Peer 1: 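I am attaching a structure below and will ask some questions about it afterwards.
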Amino acid sequence: MDAMDGAAPVTTAVRWPGRAAGLALACHPGPVVAVTALACALAAGVGLSPGRFALVGAAVLAGQLSVGWCNDAYDAGRDARSGRRGKPVADGVVSVRTVWGAAAVAGVLCVPLSLACGLLAGTVHLAAVAAAWLYNLRLKATVLSWLPYAVGFAALPSLVALAAPGAPWPRWWTVAAGALLGVAAHLGDTLPDIGADRAAGIRGLPHRLGATGTRLLLPVPLLGATAVLVLGPPGPVGAGALAVLGLAGAVALVGPVLGRWWRKAALAGAVAVAAADLALLVSGAALT
């Protein structure tokens, strides 16, 4: 393992603008916006009606808000005990009770919004939200920490496809690619914080692998997702799709090597491949 594996948690004081801003930041706005935008892009790609498009976006937004607030509220005590700063709940800007309340409200709203997309679509999405809550409350610190991410990302194309008229089942390759991208998202999201997380007692899969092991593993699900998206749909493979597959292969080989000199090399390459994969997922073969 490299030096990052044993890094001490960050203790730099953070100045927060106020309680409302603290509550907003406690939801993990980056992932909330990214996942909601992905769901909306998929919904636009299949041509959902404006009403269905709005329902899918609102359901995913409510689910992601509930998951983000649950995460910060549940981790607040551990973050405070380990001296980890930079989180509004652990820093005392907003109370744990307030954040738990926000998570509960968002979770309750997520139920009718999801079911309004259709019974099957809503059930799939609610199962994904439940898996994310299970990650926060239990699986985050286990070797199965990757599983809720795989379930959640696989559920997005499923939700969008099942929300379409007639509730058609999604194509298998979109679900498989979503699951693989979810695993990559977990590895990439955790990679910068492995040292601080381990100091706080978190022992998920990336923490057990360490920073070096996670960098080596990260390109694998990305390459798998790209291969599924390129080779899964019937018909000839386009030049653009082959170029994306070549990019993913290059990242798989070069990223870990460059990581010896630049620790963010694997993560930067992973982001590039994930963006290309998402473009294939949205603009390539139909989800249904």
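Quantities reported herein were computed from a predicted structural model and do not represent experimental measurements.
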Peer 1: Can you tell me how far the CG atom of Leu216 sits from the CG atom of Leu209, to the nearest 0.5 Å?
Peer 2: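 Between Leu216 CG and Leu209 CG, I get 9.0 Å after rounding to 0.5 Å.
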Peer 1: Does some side-chain heavy atom of Leu162 sit less than 4.5 Å from a side-chain heavy atom of Pro168?
Peer 2: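 Side chain of Pro168 against side chain of Leu162, heavy atoms only: no contact under 4.5 Å found.
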Peer 1: Which atom pairs, donor and acceptor, lie under 3.5 Å between side-chain atoms of residues 105-114 and protein residues at least two apart or in another chain?
Peer 2:
unit_1	atom_1	unit_2	atom_2	d
Ser114	OG	Cys110	O	2.7
Ser114	OG	His125	ND1	2.8

Peer 1: Parallel under 30°, tilted from 30 to 60°, perpendicular over 60°: which one fits the rings of Trp100 and Tyr74?
Peer 2: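 Aromatic pair Trp100/Tyr74 classed perpendicular.
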Peer 1: On a heavy-atom basis, which atom in Ala73 and which in Val96 lie closest, and how many Å separate them?
Peer 2: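 Reported closest heavy-atom pair: O-CG1, 4.0 Å.
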Peer 1: Any side chain to side chain donor-acceptor pair (under 3.5 Å) involving residues 216-239? Give me the pairs, sequence neighbours left out, ordered by first then second residue.
Peer 2: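 As it turns out, the side chain to side chain donor-acceptor pair (under 3.5 Å) pairs with a partner in residues 216-239, which skip direct neighbours, are Thr226-Asp277.
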Peer 1: Under 3.5 Å, which donor-acceptor pairs link side chains of residues 146-160 to any protein atom two or more places apart or in another chain?
Peer 2:
unit_1	atom_1	unit_2	atom_2	d
Trp146	NE1	Val143	O	3.3
Ser158	OG	Ala154	O	3.0

Peer 1: Do any N or O atoms from the side chain of Thr36 and from the backbone of Val33 form a donor-acceptor pair under 3.5 angstrom?
Peer 2: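 Between the backbone of Val33 and the side chain of Thr36 there is no qualifying donor-acceptor contact (under 3.5 Å).
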Peer 1: Per the salt bridge (charged side-chain N to carboxylate O under 4.0 Å, His left out) rule, what does the pair list look like for residues 108-121, sequence neighbours excluded?
Peer 2: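 Listed by first then second residue: nothing to list.
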Peer 1: Can you get from Leu137 to Val89 by hopping between Ile, Leu, Val, Met, Phe, Trp and Tyr side chains that sit under 4.5 Å apart?
Peer 2: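 Per the 4.5 Å side-chain linkage, Leu137 and Val89 are co-clustered.
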Peer 1: Just wondering, do Leu229 and Leu245 contact through their side chains at under 4.5 Å, heavy atoms?
Peer 2: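 Heavy-atom side-chain distance check fails, nothing below 4.5 Å.
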Peer 1: Would you say Thr214's side chain and Leu191's backbone share a donor-acceptor pair under 3.5 angstrom?
Peer 2: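 Absent.
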Peer 1: Cluster question for you: counting only ILVMFWY and a side-chain heavy-atom cut-off of under 4.5 Å, with indirect links fine, are Leu61 and Trp69 together?
Peer 2: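 Yes, same cluster.
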Peer 1: If you define the side chain from C-beta out and look only at heavy atoms, does anything of Cys70 sit under 4.5 Å from Tyr135?
Peer 2: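 The answer is no, as the side chains (C-beta and beyond) never meet within the 4.5 Å cut-off.
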Peer 1: To the closest 0.5 Å, what do you measure between CG (Leu205) and CG (Leu217)?
Peer 2: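 So the gap between those two atoms works out to 6.5 Å.
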Peer 1: Quick one: which residue pairs count as a ring-ring contact (aromatic ring centres under 6.0 Å, His included) with a foot in residues 201-220, not counting sequence neighbours?
Peer 2: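 Not a single pair qualifies under ring-ring contact (aromatic ring centres under 6.0 Å, His included).
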Peer 1: Let me check something: any side-chain donor-acceptor pairs from residues 39-60 under 3.5 Å, sequence neighbours excluded? List them with distances.
Peer 2:
unit_1	atom_1	unit_2	atom_2	d
Ser49	OG	Arg52	N	3.3
Arg52	NH1	Cys117	O	2.3
Arg52	NH1	Ala163	O	3.4

Peer 1: Could you work out, with side-chain hydrogen bond (donor to acceptor under 3.5 Å, both in side chains) as the rule, every residue matching Thr98, not counting sequence neighbours?
Peer 2: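 If we apply the side-chain hydrogen bond (donor to acceptor under 3.5 Å, both in side chains) test to Thr98, skipping adjacent residues, the hits are Ser95.
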Peer 1: Throw together a table of side-chain donor-acceptor distances under 3.5 angstrom for residues 21-29, partners on residues two or more places apart or in other chains.
Peer 2:
unit_1	atom_1	unit_2	atom_2	d
His28	NE2	Asn71	OD1	3.4
His28	NE2	Asp72	OD1	2.7

Peer 1: Against His186, only a single residue in Thr190, Val183, Asp189 fulfils side chain to side chain contact (heavy atoms under 4.5 Å, CB included); can you say which?
Peer 2: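 Among Thr190, Val183, Asp189, the one meeting side chain to side chain contact (heavy atoms under 4.5 Å, CB included) with His186 is Thr190.
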Peer 1: Does one hydrophobic cluster hold both Leu38 and Leu222, with members joined at side-chain heavy-atom distances below 4.5 Å?
Peer 2: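 Yes, it is one cluster - the side chains of Leu38 and Leu222 are joined through contacts under 4.5 Å.
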Peer 1: Kindly state each residue pair satisfying salt bridge (charged side-chain N to carboxylate O under 4.0 Å, His left out) with at least one member in residues 139-164, sequence neighbours excluded.
Peer 2: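 Salt bridge (charged side-chain N to carboxylate O under 4.0 Å, His left out) check on residues 139-164 returns Asp75-Lys140.
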Peer 1: Using the test side chain to side chain contact (heavy atoms under 4.5 Å, CB included), find all partners of Leu134 that sit at least two apart in sequence or belong to another chain.
Peer 2: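 Per chain and number, Leu134 pairs via side chain to side chain contact (heavy atoms under 4.5 Å, CB included) with Arg138, Leu139.
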Peer 1: About how many Å separate OG1 of Thr174 and CG of Leu181, when rounded to the nearest 0.5 Å?
Peer 2: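 Interatomic distance, Leu181 CG to Thr174 OG1, rounded to 0.5 Å: 11.0 Å.
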Peer 1: Test of understanding: with side chain to side chain contact (heavy atoms under 4.5 Å, CB included), list the residues that count as partners of Ala176, not counting sequence neighbours.
Peer 2: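 Ala176: side chain to side chain contact (heavy atoms under 4.5 Å, CB included) contacts with Trp172, Val228.
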Peer 1: So which heavy atom on Leu180 is nearest to which on Gly224, and how close?
Peer 2: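 In this case the closest contact between Leu180 and Gly224 is CD1-C, 3.5 Å.
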Peer 1: Please collect all salt bridge (charged side-chain N to carboxylate O under 4.0 Å, His left out) contacts where either partner lies in residues 104-125, sequence neighbours excluded, each pair once.
Peer 2: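 Non-adjacent pairs meeting salt bridge (charged side-chain N to carboxylate O under 4.0 Å, His left out): zero.
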Peer 1: Could you give the distance from CZ (Arg203) to CZ (Arg198), rounded to the nearest 0.5 Å?
Peer 2: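 Between atom CZ of Arg203 and atom CZ of Arg198 there are 5.0 Å.
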